[in-house]
Amino acid sequence: MKRRIERARNAQNDVHRESAAHVVPGVLKGMNATVFAYGATGSGKTHTLLGTKGTPGVMFTSLRELFARLDALEGRVGDITLSYTEVYNEVIRDLLTEDRNVCDLREDPVRGPVIAGVEETPVSSAEEVVEQLHIGNARRTVE
């Protein structure tokens with residue numbers, strides 16, 4: 001059993017290293033970042049991104065690294081916010097609001113493309129982010 005858990009943990013770490021580890025330095029320089037998974041229903045996208053407590057996924061691993069680097073910075077300025085949306089049948093919904101607000105994609109002259117109407121939730125740890133993601137996951141469209 002221990003070997004199986006180790007293989008799963010290593011696989012998640014490999015996915016993180018190959019697909020998402022490079023975004024953390026850019027985020028620390030002020031860039032926006034997105035970790036995106038695409039695939040068929042039931043193919044493991046959510047598991048790959050979130051993982052479990054024993055085998056953390058790509059997002060948790062990246063966030064843990066991000067917050068550790070932020071904590072090490074002296075004179076840190078700025079806040080970290082989270083938004084979580086779903087695009088389903090060409091409709092954008094905010095998964096962090098109870099009523100799953102419908103949002104619009106718009107072009108902002110300064111920021112570029114933005115999702116108008118999406119709520120941005122302040123977060124201060126990887127654990128807080130994962131908690132919000134679990135809330136959002138419970139609000140995803142299921143048919």
Side-chain angles (χ1 to χ4, degrees), residues 4-143:
R4 199 174 322 163
I5 292 170
E6 276 305 310
R7 278 197 304 267
R9 185 175 296 129
N10 289 339
Q12 290 287 65
N13 287 336
D14 291 344
V15 171
H16 169 258
R17 186 178 56 254
E18 296 296 322
S19 65
H22 67 281
V23 303
V24 173
V27 169
L28 290 170
K29 292 177 184 172
M31 297 172 69
N32 289 324
T34 299
V35 177
F36 181 79
Y38 179 81
T41 300
S43 62
K45 299 176 297 292
T46 301
H47 174 73
T48 299
L49 292 176
L50 292 180
T52 64
K53 287 192 187 263
T55 57
V58 170
M59 292 174 79
F60 184 77
T61 306
S62 298
L63 291 163
R64 187 175 47 207
E65 180 183 345
L66 174 66
F67 283 105
R69 288 187 181 199
L70 284 172
D71 289 344
L73 292 176
E74 292 184 26
R76 174 181 155 196
V77 177
D79 296 315
I80 296 177
T81 60
L82 164 75
S83 57
Y84 189 20
T85 58
E86 167 186 68
V87 180
Y88 188 82
N89 287 337
E90 299 184 29
V91 176
I92 303 169
R93 294 196 182 277
D94 185 343
L95 295 178
L96 295 182
T97 59
E98 281 190 45
D99 56 0
R100 297 175 57 225
N101 294 342
V102 174
C103 304
D104 293 318
L105 187 59
R106 301 221 176 112
E107 185 74 27
D108 181 277
V110 176
R111 296 171 54 199
V114 295
I115 300 175
V118 72
E119 199 160 302
E120 294 187 8
T121 304
V123 290
S124 59
S125 70
E127 291 78 14
E128 259 186 82
V129 173
V130 171
E131 180 181 315
Q132 292 297 309
L133 294 175
H134 284 295
I135 290 169
N137 278 343
R139 296 178 178 149
R140 288 171 49 195
T141 300
V142 179
E143 287 188 9

What distance do [X] atom [atom1] and [Y] atom [atom2] have between them, rounded to the nearest 0.5 Å?
{"X": "Leu95", "Y": "Thr97", "atom1": "CG", "atom2": "OG1", "result": "8.0 Å"}
{"X": "Glu119", "Y": "Thr85", "atom1": "CD", "atom2": "OG1", "result": "13.0 Å"}
{"X": "Phe60", "Y": "Thr52", "atom1": "CZ", "atom2": "OG1", "result": "11.0 Å"}
{"X": "Thr48", "Y": "Lys45", "atom1": "OG1", "atom2": "NZ", "result": "9.0 Å"}

Measuring only between side-chain heavy atoms, which start at C-beta, is [X] closer than 4.5 Å to [Y]?
{"X": "Glu131", "Y": "Val123", "result": "no"}
{"X": "Glu128", "Y": "Thr121", "result": "no"}
{"X": "Ile92", "Y": "Asp104", "result": "no"}
{"X": "Val118", "Y": "Cys103", "result": "yes"}
{"X": "Leu70", "Y": "Ile80", "result": "yes"}
{"X": "Pro25", "Y": "Met31", "result": "no"}

Donor + acceptor pair across side chains of Arg140, Thr46 (<3.5 Å): yes
Please answer whether the main-chain N or O of [Y] pairs with a side-chain N or O of [X] as donor and acceptor at a distance below 3.5 Å.
{"X": "Ser62", "Y": "Val58", "value": "yes"}
{"X": "Arg93", "Y": "Glu86", "value": "no"}
{"X": "Arg100", "Y": "Arg139", "value": "yes"}

Glu98 atom CD, neighbour heavy-atom count above 12 within 6.0 Å: no
Contact summary for [X] and [Y], nearest pair of heavy atoms:
{"X": "Thr61", "Y": "Pro56", "answer": "OG1-O, 3.8 Å"}
{"X": "Leu96", "Y": "Asp94", "answer": "N-OD1, 2.9 Å"}
{"X": "Leu133", "Y": "Tyr84", "answer": "O-CE2, 3.5 Å"}

